[in-house]
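To keep things clear, I will list the structure first and then write my remarks on it.
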There are 2 protein chains.
Amino acid sequence: VSDIRTIEWKTDHLRILDQTLLPITEHYRELRTVDDVIQAIQSLAVRGAPALGAVGAYGILIAMNEFQELDDRLNAIDSIRNSRPTAVNLSWAVTRVSSYLNEGKERVLEEARLIEKEDRDANLAIAAHGVRWLEENLGLDGYRILTHCNTGTLATTYWGTALGVIRALHDEGKVIEVLADETRPLLQGSRLTAWELQKLGIPHRIQVDSAAASAIVSGMVDFAIIGADRIANNGDTANKIGSLAVALACKRASVPFLVAAPTSTLDMSILSGADIEIEERSSSEVTKLGTTEIAPRGAKVFNPAFDVTPRDLISGIITEVGVFNPMNGQTFRDFIEK
Amino acid sequence: VSDIRTIEWKTDHLRILDQTLLPITEHYRELRTVDDVIQAIQSLAVRGAPALGAVGAYGILIAMNEFQELDDRLNAIDSIRNSRPTAVNLSWAVTRVSSYLNEGKERVLEEARLIEKEDRDANLAIAAHGVRWLEENLGLDGYRILTHCNTGTLATTYWGTALGVIRALHDEGKVIEVLADETRPLLQGSRLTAWELQKLGIPHRIQVDSAAASAIVSGMVDFAIIGADRIANNGDTANKIGSLAVALACKRASVPFLVAAPTSTLDMSILSGADIEIEERSSSEVTKLGTTEIAPRGAKVFNPAFDVTPRDLISGIITEVGVFNPMNGQTFRDFIEK
């Protein structure tokens, strides 16, 4: 996977691997306008909280190239920031980079590159902290792992978050099997995670999301690990719909449930998960698959993109600065600033 | 839905509504040979534990018409009995009807008709017991209900089990909304349950299976109700994969989790869920949808058709003879025979 570049800045445009076409077709798309950027984000051609941060950062540069007036630029930047509501890294990166707007394109490019570099560094640090946590808390020779959605190279700019931990374990020869939830409705698990695991040669099987609880409770899994889209200050974690069910099953089976995410996923402005806005997406994601209709015509749909896992179900939040244990009552902000 | 006949015996063949083509196409199929019957069962053209019981019963008649030698008949009957391993009603009905084999076709037809009639009566009795349990234990003016898989007319010969309870509640004007899990991999919820609910005019929305935990834990659901494929003597219940995750979320939210099933679903030969054989089905159910490939080529799959919900998560098993509470330590057999 090291030759896969999820996103890459090219002089005057952003080149992304179009994730809507995977796993069958590997096609790169060029984003040259703010509309291109927003369309790519909303259609999930690029997704994953850390990757969205980098796209948002380079998006400022695209806005500066496209618009010369400050008002137009600010409007365009706002549109990028708001193109997906739940992933905090997007608005975090857009806000950070756009603070250099009046220092010119070179400074903005420098900051966007820095965000990308920080994400790469964070990926490796998360992987190392995760492996150490597992050694200290489980200490197995080999692990049977369950993961949900995609948190790998395709969700970040380098190794990934949860999948980065799995990759580091695999490099030590310690992965027996990964059970990858397919992750309805958009199948990031079966389309993207399985594709990455196949390229990395990591043993794995795909399962429907609702097989996760059974696999965990029946003793097929040593730990579960997921990413995060937004983490409240108390540790409550918003992530892809289905994460909560995995956490509940882990609790039942007394199996560790881990979150891997950079500290940029923390939203210090919210105290708990009750305040996290959950994006509801189009019903057609659920009623159609490709050209196949899988529901009666006119069917109504409840399609939340995320759920919130309460902190008491989370064994640890693995960040680039160490592993935060939200069960002990400390706030995430205190942990980071300590 | 009252004009829908899931299965119907016609002089010399069995007519079934082909559920693999729903919800877009309503096509009836004629089963004239034992191979027809087995193919219909294994492809899920007909499914649902009580409906499979009736199909198995009439299947004996088809075997008698097709084969004249006793050995051939017995072989054919065994093939029908074993065509799906988890649904106990199938083997129960086949065994019951085939005990009349040497009394001739008329006696066998009479017994098959009796099984169908008993299922219809059980449907109505389950609905009545379910409504009474809800009145006594929740007593709401209107209910927000979550269900998984399909347990309606299409899974039985009449009103259904869990969906029969919902239908009876709706007849009293007490259904606010049904959240129907789509039920991957074969989408019995979005294809079949939503189709039935639409025909009955019952307010509902479809959701991906992994949205269930979030809906329940966030307070959108007053109770969850499912069917059953096989119930162990202690009350542990095998049902469509995903049922366990719904039960775990109900436990977390202190929301009743109900099972609705005829007593014929009890397998007295097994003490607990640990002894229930779980059918694993083809990987192509997960890797393809219609003609669309949704996983990398060659992907390995874990595809269990059922999971087991332990009895301590079940608030009540609604049968035609009353509501069994497995939490109180009584065996299901003692409850039935009491």
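Here is the naming used below: chain letters follow the sequence lines, and residue numbers restart at 1 for every chain.
- Most heavy-atom pairs under 4.5 Å with chain A: of the set B:Thr292, B:Thr291, B:Leu248, B:Leu192, this distinction falls to B:Leu248.
- In terms of heavy-atom pairs under 4.5 angstrom with chain A, the leader among B:Asp307, B:Thr183, B:Ile206 is B:Ile206.
- Within 6.0 Å of atom NZ in B:Lys174, more than 12 heavy atoms from other residues, nucleotides or ligands are found, so the atom counts as buried in its surroundings.
- If you measure heavy-atom distances from B:Val246 to chain A, you find no contacts under 4.5 Å at all.
- Ion pairing between A:Arg184 and B:Asp181 fails under the 4.0 Å rule for side-chain N and carboxylate O.
- Proximity to chain A (any heavy atom under 4.5 Å) is shown, for B:Ile294, by both the backbone and the side chain.
- Proximity to chain B is absent for every atom of A:Ile278, based on heavy atoms less than 4.5 angstrom apart.
- Note: B:Ser190 leads B:Ala274, B:Ala249, B:Ser190, B:Gly242 in heavy-atom pairs under 4.5 Å with chain A.
- When heavy atoms are compared at a cutoff of 4.5 Å, B:Pro185 approaches chain A by way of both its backbone and its side chain.
- By number of non-hydrogen pairs under 4.5 angstrom with chain B, the leading residue of A:Thr193, A:Leu289, A:Ile216, A:Leu187 is A:Leu289.
- Both the backbone and the side chain of B:Pro296 come within contact range of chain A, judged by heavy atoms closer than 4.5 Å.
- Both the backbone and the side chain of B:Glu293 have a heavy atom closer than 4.5 Å to some heavy atom of chain A.
- For a residue to count as touching a neighbouring chain, one of its non-hydrogen atoms must lie under 4.5 Å from one of that chain's; by this rule B:Ile24 touches chain A with the side chain only.
- Note that NZ of B:Lys300 is 8.5 Å distant from CD of A:Glu177, once rounded to the nearest 0.5 Å.
- Counting only heavy atoms from C-beta outward, the side chains of A:Val286 and B:Glu182 approach each other to under 4.5 Å.
- Heavy atoms closer than 4.5 Å to chain A are found in the side chain of B:Arg252, but not in its backbone.
- Contacts of A:Ile241 with chain B are made by both backbone and side-chain atoms, with heavy-atom separations under 4.5 Å.
- For B:Asp209, the part lying under 4.5 angstrom from a heavy atom of chain A is the side chain only.
- In terms of modelled atom types and a separation under 3.5 Å, the side chain of A:Gln207 and the main chain of B:Pro304 share no donor-acceptor contact.
- Heavy atoms closer than 4.5 Å to chain B are found in the side chain of A:Leu313, but not in its backbone.
- The residue among A:His204, A:Lys240, A:Gln198, A:Glu285 with the most heavy atom pairs within less than 4.5 Å of chain B is A:Gln198.
- Rounded to the nearest 0.5 Å, atoms OG (A:Ser210) and NE2 (B:His148) are 5.0 Å apart.
- Side-chain contact between A:Phe302 and B:Leu179 is present, with heavy atoms from C-beta onward closer than 4.5 Å.
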